[in-house]
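Quick notes on the structure that follows.
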2 protein chains.
Amino acid sequence: MAATIKDVAKKAGVSIATVSLVIHNNPRISPETRKRVLQAIKDLDYHPTHSARGLVSQKSGNIGFIVTEDHFSRSEPFYTQIFLGTEFQAREYEYYILLTTIPSKYTEKDDLPRFILERNVDGIILAGKIPPVLINRLSRYKLPLVFVDYFPPEGNFPVVMIDNIDGALKATEHLIECGRTHIAFIGGDIEHPSIQERFVGYKMALEKHGLPFDPNLTVTNEPYPSREYGYQAAKKLFSQQTPIDAVFTCNDAMAIGTLQYLKEQGIKVPEDVSLIGFDDVEADLSLDPPLTTIRVPKIEMGMQAVRLMIECLNSEQVFVKKLLVPAELVIRKSTCKKQQ
Amino acid sequence: MAATIKDVAKKAGVSIATVSLVIHNNPRISPETRKRVLQAIKDLDYHPTHSARGLVSQKSGNIGFIVTEDHFSRSEPFYTQIFLGTEFQAREYEYYILLTTIPSKYTEKDDLPRFILERNVDGIILAGKIPPVLINRLSRYKLPLVFVDYFPPEGNFPVVMIDNIDGALKATEHLIECGRTHIAFIGGDIEHPSIQERFVGYKMALEKHGLPFDPNLTVTNEPYPSREYGYQAAKKLFSQQTPIDAVFTCNDAMAIGTLQYLKEQGIKVPEDVSLIGFDDVEADLSLDPPLTTIRVPKIEMGMQAVRLMIECLNSEQVFVKKLLVPAELVIRKSTCKKQQ
DNA sequence: AATATTCAGTTAAACGTTTAAACTAACAGA
DNA sequence: TCTGTTAGTTTAAACGTTTAACTGAATATT
């Protein structure tokens with residue numbers, strides 16, 4: 001049987017309270033006693049039991065992680081990486097992460113995650129789009145909620161978001177630094193908040209560098225940011241007569257479609273048209289040429305979410321911090337300096 | 001504050017023991033009392049607290065999940081899916097999964113996962129290759145261990161494995177049913193147990209259907225089952241004069257490499273040469289033609305692992321069951337009937 | 001010298017359950 | 001009528017911690 005605090009106390013010749021105080025670095029304990037206790041702890045390989053601690057402290061030591069089923073199991077492991085980030089950081093702070101997936105169309109009838117009912121989490125991190133009805137139900141428990149990669153439409157919560165504007169700015173500026181002056185934007189569905197932000201970043205970069213904004217160079221009405229629609233968008237763009245020497249697509253999937261179209265048309269990438277995406281998905285590397293893109297630091301986002309959560313848990317008053325994590329330019333072979 | 005068993009007891013006018021007995025369906029309780037208690041539980045939305053239960057029952061209600069860092073975060077979400085499977089099944093049985101990643105080169109010096117020290121898991125599921133030194137350390141705790149997708153070289157543990165032989169058999173038989181008679185095998189590193197098994201399945205299918213086994217049609221000495229080596233292997237294979245009308249590659253990555261080579265050589269897939277892979281990775285769908293392959297039921301494997309674990313936890317004597325989960329043929333466009 | 005303060009530790013209650021053992025009332029058997 | 005049995009419920013201990021309140025000794029203050 002594993003050692004308990006009683007065994008340690010007996011071995012060190014003190015009361016169990018003393019052992020506990022030593023563990024919590026209480027200054028009331030004399031150096032000698034502390035040393036004896038520490039030695040006993042080591043000898044017996046003692047570690048306080050999770051449940052016992054949890055019971056008396058009324059803290060579970062766990063953080064819940066909620067994500068919809070399809071988000072978590074989709075092929076691009078975006079949320080998996082975020083989850084992994086939370087795991088790393090939680091371990092650091094001696095918390096456990098309890099993951100649960102929920103149906104994408106969560107309704108009032110569906111169960112609440114069990115960890116809430118059993119009071120087995122001290123707070124909850126929610127990743128990606130979460131049905132409002134669930135958010136409502138959760139807010140009734142007075143657990144801190146932290147959102148990652150989703151800005152809840154109602155309520156005021158701590159969130160960790162990608163800095164889309166900054167990322168798009170970096171992408172566009174990179175193209176400008178390559179000497180490109182006719183830079184197109186392919187955006188998929190402009191209703192989507194992240195895409196809107198990326199569009200803003202694009203325009204900011206143009207303005208900052210004194211380039212004109214030409215609506216003819218933008219396609220923002222495709223229904224979905226997929227490869228197929230990337231292809232379609234490129235087709236629209238290049239069927240006009242406007243000259244184009246660079247394209248910024250708002251995600252890598254669309255960039256891949258665009259690339260396919262350009263190749264079919266015999267347009268050389270990166271020489272004739274330089275191409276930059278957004279996301280940094282696995283497929284980028286096996287493209288020809290490998291895609292220059294903006295990397296989203298997924299692991300980092302997860303870590304930040306946990307840090308926000310810890311702050312919430314340690315502070316008395318509710319506090320709401322919104323965090324933008326910067327995306328990073330990854331230069332590969334689909335962009336290059338323009339030959340004059 | 002959330003309701004406790006005391007609140008329920010008071011509301012129903014019984015002792016807390018009665019409430020507990022009702023919850024555990026103890027037959028000693030009279031129907032009327034039971035009904036009253038159940039009503040009170042419902043009214044107060046009472047759920048027993050996890051830590052309190054854990055403390056008194058000396059069970060954590062958690063199952064640990066260990067996987068190496070690189071396995072979990074690699075691009076193809078193989079272990080993520082397995083993990084997800086464990087989550088689904090664990091939820092069913094009212095267990096929580098506690099995931100932790102470990103360094104791939106785990107040494108004696110590295111920490112044990114915290115959930116072991118804190119006695120916060122009742123058993124551990126280990127996915128993928130696990131360093132023997134860790135297995136040794138873990139076996140000293142008397143927690144049940146269940147392995148998924150890895151057959152530990154020492155010791156006798158419950159395991160869940162892919163039925164590689166059956167999968168390879170299915171793949172090869174599919175090619176035979178397509179009327180192919182000169183079927184090549186590309187295997188990567190034959191030292192790897194799964195690859196050996198797939199090789200066995202391949203040979204079994206040939207024998208079963210009275211086709212000769214020709215060593216010239218096999219490449220099994222590539223260092224690593226990657227796209228590049230798939231390309232190389234195909235090159236070796238097709239540089240000989242032996243006719244080939246189908247190829248079974250032991251995984252999809254090598255199939256992709258092989259496909260690239262065949263296209264470059266102007267060999268038509270699936271007409272001239274039909275091609276089948278193994279694994280069913282995401283990329284298969286965006287190939288031209290989309291790859292016929294053998295799907296590994298990852299979610300199912302995770303679920304099975306949990307079921308095995310539950311059996312371990314509920315049975316007194318140690319028991320060791322080995323499970324092979326069948327892989328499934330997924331027909332796409334890279335295979336077709338041979339034109340005579 | 002008497003009293004107050006500080007130091008270093010102990011005592012005991014509490015957290016929310018489970019469960020063996022004890023209890024009580026009703027009933028059956030003699 | 002007394003004893004034994006059974007059914008239904010309660011009592012109380014236990015699980016392994018934390019921590020407020022307490023104690024006794026040593027030291028400081030007057």
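Labels below follow one simple rule: chain letters A, B, ... track the order of the sequence lines, proteins then strands, and each chain is numbered from 1.
Going from atom CD1 of A:I5 over to atom P of D:dT17 covers 6 Å, rounded to whole Å. If you take CG of A:N25 and P of C:dA8, they are 15 Å apart, rounded to a whole angstrom. Spacing between atom CG of A:N26 and atom P of D:dT17 amounts to 18 Å, rounded to whole angstrom units. Here D:dA20 presents its P atom at 10 Å from CG of A:L21, a figure rounded to the nearest Å. Distance, A:I41 CD1 to D:dT17 P: 10 Å, rounded to whole Å. The CZ atom of B:R119 sits 7 Å away from the P atom of D:dT17 (whole-angstrom rounding). Per the geometry, CD1 belonging to A:I16 stands 12 Å off P belonging to C:dA12, to the nearest Å. Atoms CD1 (A:I29) and P (C:dC7) sit 13 Å apart, rounded to a whole Å.
Heavy atoms from other residues, nucleotides or ligands lying under 6.0 Å from CD of B:E92 number 12 at most. Atom CG of B:D111 is surrounded by 12 or fewer heavy atoms from other residues, nucleotides or ligands within 6.0 Å.
For C:dT18, one of the phosphate oxygens OP1 or OP2 lies less than 4.0 angstrom from a side-chain nitrogen or oxygen of B:R53. In this structure, A:S20 reaches the D:dT18 phosphate: one of its side-chain N or O atoms is under 4.0 Å from OP1 or OP2.
Take the nearest nucleotide of DNA chain D for B:R34 and for B:Q58: the residue whose nucleotide is more 5' is B:R34. Remark on DNA chain D: of its neighbouring residues B:P27 and B:V56, the 5'-side contact belongs to B:P27, judged by nearest-heavy-atom nucleotide.
At least one donor-acceptor pair under 3.5 Å links the side chain of B:H50 to the backbone N or O of B:S60. Side chain of A:S139 to main chain of A:I135: a donor-acceptor pair is present (N/O by atom type, distance under 3.5 Å, no hydrogens or angles). At least one donor-acceptor pair under 3.5 Å links the side chain of A:K322 to the backbone N or O of A:F157.
Backbone-only contact: B:T33 has heavy atoms under 4.0 Å from sugar-phosphate atoms and none from a base. Nucleic acid contact for A:T4: sugar-phosphate only, since backbone atoms but no base atoms lie under 4.0 Å from a heavy atom of the residue. Looking at heavy-atom distances under 4.0 Å, B:S30 makes contact with sugar-phosphate atoms alone, never a base.
Side-chain atoms of A:T49 lie closest to D:dT17 of the nucleotides D:dT17, C:dT10, D:dT10. Which of D:dT11, C:dA8, C:dA21 sits closest to the side chain of B:R28 comes down to C:dA21. Distances were taken from every side-chain heavy atom of A:T18 (C-beta onward) to each of C:dT17, C:dG9, D:dT19; the shortest belongs to C:dG9.
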